[in-house]
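Order of the sequence lines sets the chain letters (A, B, ...), proteins ahead of strands, with each chain counted from 1. From a predicted model like this one, the values you see are computed outputs, not experimental measurements.
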Amino acid sequence: MLKKILNDEKIRSTLVQGVGLLFICSVIYYFFINTQVNLTKQNIQTGFGFFKLESGFDISESIIDYWSDDTYLKALFAGILNTIKVALIGNVFAIILGVFIGIGSLSSNWIVKKVSTTYVEIVRNIPLLLQLFFWYAILTENLPDVKSAIEFLPNFFLTNRGLFIPFPVETMKFFYIFVGLCISCLSFFLLEKKRDLKTEETGLESPIWQRVNYLVFLIPVLIWLFTGSPTEMSLPSLVGFNFQGGYTFSPEFSALLVGLIIYTSAFNAEIARAGINSIDKGQWEAASSIGLSKKDTMSKIILPQALRVMVPPLTSQILNLTKNSSLAVAIGYPDFVSVTNTTMNQTGQAIECVFIIMVVYLSFSLLTSLVMNVFNNRFNKFERS
Amino acid sequence: MSSQKDLMIEMKSLNKWYDQFHVLKDINLSVKHGEKIVICGPSGSGKSTMIRCINRLEEFQKGELTVNSIPLNNDLKNIEAIRKDVGMVFQHFNLFPHLSILENLTLAPIRVKHIPKKEAIQMAMEYLEMVKIADQANKYPGQISGGQKQRVAIARSLCMKPKVLLFDEPTSALDPEMVKEVLDVMVDLAKEGMTMLCVTHEMGFAREVADRVVFMDQGTILEENTPHEFFSNPKHERAKEFLSQVIH
Amino acid sequence: MTLVNKFIYKFPVWLKKNLFNTPTNSIISIFAFALVWKLSVFILNYMVIGAVWSGSAKTCRELGGFCYPFLFEKARFIIFGFYPSEELWRPSLAMVQLFATLFYIKEPSRFGLKTFIYLTVSFLIFFWLIGGGLGLSAVTNDKWGGLPLTVMLAFIGILFSYPFGILLALARRSDLKILKTLSVCYIELIRGVPLISVLFMSSVMFPLFLPDGVNFDKLLRAQIAIIMFVSAYMAEVIRGGLASIEKGQYEAAQSLGLSYSQTMIYIIIPQAIRIVIPPTVNTAIGMFKDTSLVLIIALFDLLNTTKTAMRDANWLGFSLEGYVFVGLIYYIFCSLMSKYSKRLETEFLVKER
């Protein structure tokens with residue numbers, strides 16, 4: 001009778017799962033007990049109470065105002081912002097550069113093709129950490145010190161302590177102007193598309209429409225006027241041992257950014273190349289047989305189809321760059337992992353800190369996937385059934 | 001009326017749903033030992049689904065199915081026993097591409113029936129002889145033609161000495177010139193007394209070999225008769241429609 | 001056509017077709033050529049013609065070219081780390097025999113259990129040679145470093161991540177809800193976080209999980225972290241392979257009476273592994289590069305030994321030489337692995353035909 005029960009398919013599978021779950025739970029329980037014992041031995045409190053404690057360490061660069069007497073929570077937040085800064089800028093340029101190089105590796109021009117493929121070959125086969133060290137070494141050892149800074153543009157200084165540029169004093173207002181610029185670019189793009197459609201419909205190229213669309217670029221100008229036409233710039237100037245004023249791109253940030261962009265662009269180039277290659281030769285043939293120019297074929301036929309193929313692996317690379325930004329700890333850029341690591345060393349709250357790191361990066365992953373899914377769905381609308 | 005023991009397969013009020021779609025509606029079918037049944041009908045009529053229920057490749061929600069006096073239910077031992085007695089030949093052959101022909105045949109006997117390797121190889125070669133493909137024993141599936149693949153597939157199921165063989169459109173994926181070589185093998189098997197259930201469009205085969213033709217449409221058995229009766233005097237409207245569109 | 005004729009006739013035609021076929025192309029070609037030319041001349045000057053081939057750090061600093069004496073002096077340390085210098089034949093032999101085994105198993109003589117056994121034996125020999133015991137003097141693992149350490153971390157990582165990856169992939173595809181959820185959670189968690197955090201987790205959290213006194217060697221912690229990390233990625237790769245095997249294979253196996261484990265072991269997994277060779281080696285190459293991260297937890301892999309060499313007070317300021325050298329080593333290994341993968345692919349394809 002028991003045998004009959006054990007041989008039942010459904011019962012057996014539930015039993016197997018039950019046993020498995022029990023095993024895992026007991027292992028976790030064992031770890032849990034040990035951790036309790038070990039933590040009490042070292043007199044460490046569990047929980048996130050340490051967030052409110054004074055951190056006691058400095059962060060070399062931060063978007064928000066942060067001092068060593070701020071809380072750990074603020075420190076961690078500064079770290080997150082630093083990571084987002086690098087990840088956002090890095091990904092945008094890595095994708096643009098990657099797509100260019102990818103297209104280059106398919107070029108009919110032999111030199112361009114060879115240069116692109118060699119670039120990808122070399123960059124992909126060398127560890128990222130090594131490349132970061134390399135760029136950091138170049139930026140700190142091969143640039144002059146602050147006393148003999150290179151002024152390559154008026155008030156733009158390049159030194160081994162960083163790149164110093166003039167920066168508007170009233171940052172908030174310029175931020176609005178920047179947002180206005182983004183909006184106007186987007187609107188221009190959409191309006192141009194509309195004009196394109198109209199041209200297709202009517203067959204007439206309408207010059208009046210063309211001129212009107214450029215007016216959108218007045219938006220940022222209007223914002224500038226509206227906010228009182230701020231013009232004051234903070235200029236970097238040598239005071240004592242360092243530059244004051246203006247905005248600083250630290251060598252740590254620059255090395256991390258350049259390293260990440262170059263490394264990730266090589267992978268993006270491969271993705272772009274594979275994407276374009278995946279389009280059947282027949283598409284090119286059909287396009288040329290109806291007389292479409294190479295440019296039109298590329299932009300209207302090939303790229304739209306290629307983009308659909310490219311979105312999933314590109315998403316993966318975006319996440320990779322974000323995760324790779326954690327290598328910042330090795331060259332001294334205070335990204336999120338670096339700050340959390342310092343916190344962990346000072347407070348001994350290992351489990352909480354590791355937990356925070358995981359939660360934050362998982363959130364980045366989730367957010368990025370959601371956003372890229374929007375693109376995915378847009379491109380997939382026209383998939384062959 | 002034949003006694004229970006005579007029946008190889010018995011289906012009573014078999015019902016199956018795919019989510020909301022009622023794919024098999026109250027199927028009743030009895031197959032005696034040694035009988036050859038050909039099942040035909042338009043696509044989507046549930047023919048393949050029905051025979052796949054026999055070896056548990058598909059599960060049914062209502063009704064009873066008995067194979068060789070063993071009831072098919074959730075009892076794993078029953079399922080195992082039934083699968084040993086029932087062989088299947090697939091439309092797309094499903095040979096294992098990474099194993100040689102000989103290995104394809106001997107894998108199950110060695111692992112499932114624990115037959116010693118030497119014996120298994122000898123038996124495999126006998127069956128390969130029977131399907132007239134013994135010279136290809138050491139080749140790989142990728143190197144032989146479709147017709148050859150299907151004959152190997154038949155030999156592979158025979159190696160497990162099944163009591164009944166199910167055929168799921170065995171010639172539908174073959175080039176026309178290879179259909180005959182496979183049908184010949186199937187005719188030989190039929191002559192040797194194997195119980196066979198065959199889903200096929202090959203009406204010539206049905207005429208030559210079948211004891212009964214079962215016509216299905218939209219999940220139900222609409223007509224069952226001897227081949228002669230079915231082809232010359234179809235009774236159901238749908239059967240008439242079907243036959244008028246198919247060469248028979 | 002004679003060589004000279006080829007040059008006179010074919011080369012200009014090729015030039016016109018490939019570099020100068022349109023006006024834009026011609027401009028780009030000239031520009032690109034100028035760039036490449038400048039770069040090549042610069043590298044040639046710095047690294048060959050104007051390089052310093054012998055002397056001391058002082059000579060290098062005075063002459064200012066690429067400093068080969070630095071490499072001659074430090075190459076041994078970069079490649080072998082702190083390993084006792086009289087016993088360097090041991091890690092060298094260990095690596096050579098490992099590579100020989102890998103080269104041997106690429107011949108498609110039954111890729112299955114045998115391969116795993118060959119590799120395990122090879123690794124045991126590797127450990128014996130490097131670690132000592134049984135006739136060889138013992139060398140504690142804090143002295144293991146450089147290339148052998150990198151190779152060990154990477155390849156053991158890949159070897160052990162295979163079975164775990166297969167189990168995770170099967171669990172994720174199974175109908176048992178609990179198994180599937182556990183597997184999904186593990187895979188997505190590990191893949192969502194950077195390797196660094198997994199390394200930190202292992203070096204900081206593992207000691208907490210275990211009772212006091214059970215001391216987890218640092219190298220072992222790093223190795224376990226790497227195995228855990230790669231398993232998640234391998235699981236996804238293998239899952240892709242499993243998904244690409246048509247349902248008919250499962251059905252044929254079932255209809256022959258093979259049990260679940262028999263189906264997996266003899267039919268499905270052998271096919272899946274072959275299908276996923278390219279992404280597997282890609283993951284392996286990635287792993288090889290990622291071992292450089294153990295620098296952050298103070299293990300002396302190839303990158304760390306290079307950095308340490310560059311910090312020698314007598315040889316300061318030659319970081320470029322160091323990075324170029326170690327970059328070359330990584331490049332050679334990774335390229336070889338790519339070529340190995342391509343060979344594996346074609347060998348297996350040929351076998352099945």
Contacting moiety of [X], where chain C heavy atoms sit under 4.5 Å:
{"X": "A/Leu319", "result": "neither"}
{"X": "A/Val115", "result": "side chain"}
{"X": "A/Tyr136", "result": "neither"}
{"X": "A/Ala350", "result": "both"}

What option among [options] has the most heavy-atom pairs under 4.5 Å with chain C?
{"options": "A/Val354, A/Leu128, A/Val337, A/Asn109", "result": "A/Asn109"}
{"options": "A/Leu327, A/Asn320, A/Thr340", "result": "A/Leu327"}
{"options": "A/Trp110, A/Phe32, A/Phe134", "result": "A/Trp110"}

request  = In plain terms, say whether A/Lys114 and A/Glu121 are close enough for a salt bridge, that is, a side-chain N and a carboxylate O under 4.0 Å apart.
outcome  =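 No salt bridge links A/Lys114 with A/Glu121.
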request  = Indicate yes or no: does C/Glu321 engage C/Lys74 in a salt bridge with an N to O separation below 4.0 Å.
outcome  =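 Between C/Lys74 and C/Glu321 there is no salt bridge, as every charged N stays at least 4.0 Å from the carboxylate O atoms.
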Interchain contact, [X] with chain A, by part (heavy-atom threshold 4.5 Å):
{"X": "C/Ile178", "value": "both"}
{"X": "C/Leu195", "value": "neither"}
{"X": "C/Leu293", "value": "both"}

query = Any donor and acceptor pair, going by atom type alone, linking the side chain of A/Thr322 with main-chain N or O of A/Ile318 inside 3.5 Å?
reply =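 Checking the backbone N and O of A/Ile318 against the side chain of A/Thr322, a donor-acceptor pair under 3.5 Å is found.
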I'd like to know which of [options] tops the heavy-atom pair count under 4.5 Å against chain A.
{"options": "C/Pro194, C/Ser197, C/Cys334, C/Gly286", "result": "C/Pro194"}
{"options": "C/Val193, C/Ile196, C/Leu176, C/Asp290", "result": "C/Leu176"}
{"options": "C/Leu189, C/Val198, C/Leu179, C/Asp175", "result": "C/Leu189"}

query = Side chains of C/Ser319 and A/Glu141: do they bring a donor and an acceptor to under 3.5 Å?
reply =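 Yes.
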ask   = Among side-chain atoms of A/Ser265 and A/Tyr119, is any donor-acceptor pair under 3.5 angstrom?
value =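 Indeed, the side chains of A/Ser265 and A/Tyr119 share at least one donor-acceptor pair under 3.5 Å.
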query = Would the number of heavy atoms belonging to other residues, nucleotides or ligands and lying under 6.0 Å from OH of C/Tyr46 be above 12?
reply =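 For C/Tyr46, atom OH is crowded (more than 12 foreign heavy atoms under 6.0 Å).
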query = Is the Lys NZ or Arg CZ of C/Lys307 less than 6.0 Å from the centre of A/Phe133's six-membered ring, within 45° of the axis?
reply =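 Yes, cation above the ring, under 6.0 Å and within 45°.
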key: Any side-chain heavy-atom pair of C/Leu153 and C/Val294 under 4.5 Å   =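 Yes - at least one pair of side-chain heavy atoms lies under 4.5 Å apart.
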Side chain to side chain, C/Met201 and C/Met228, heavy atoms closer than 4.5 Å =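 Counting from C-beta outward, C/Met201 and C/Met228 do come under 4.5 Å.
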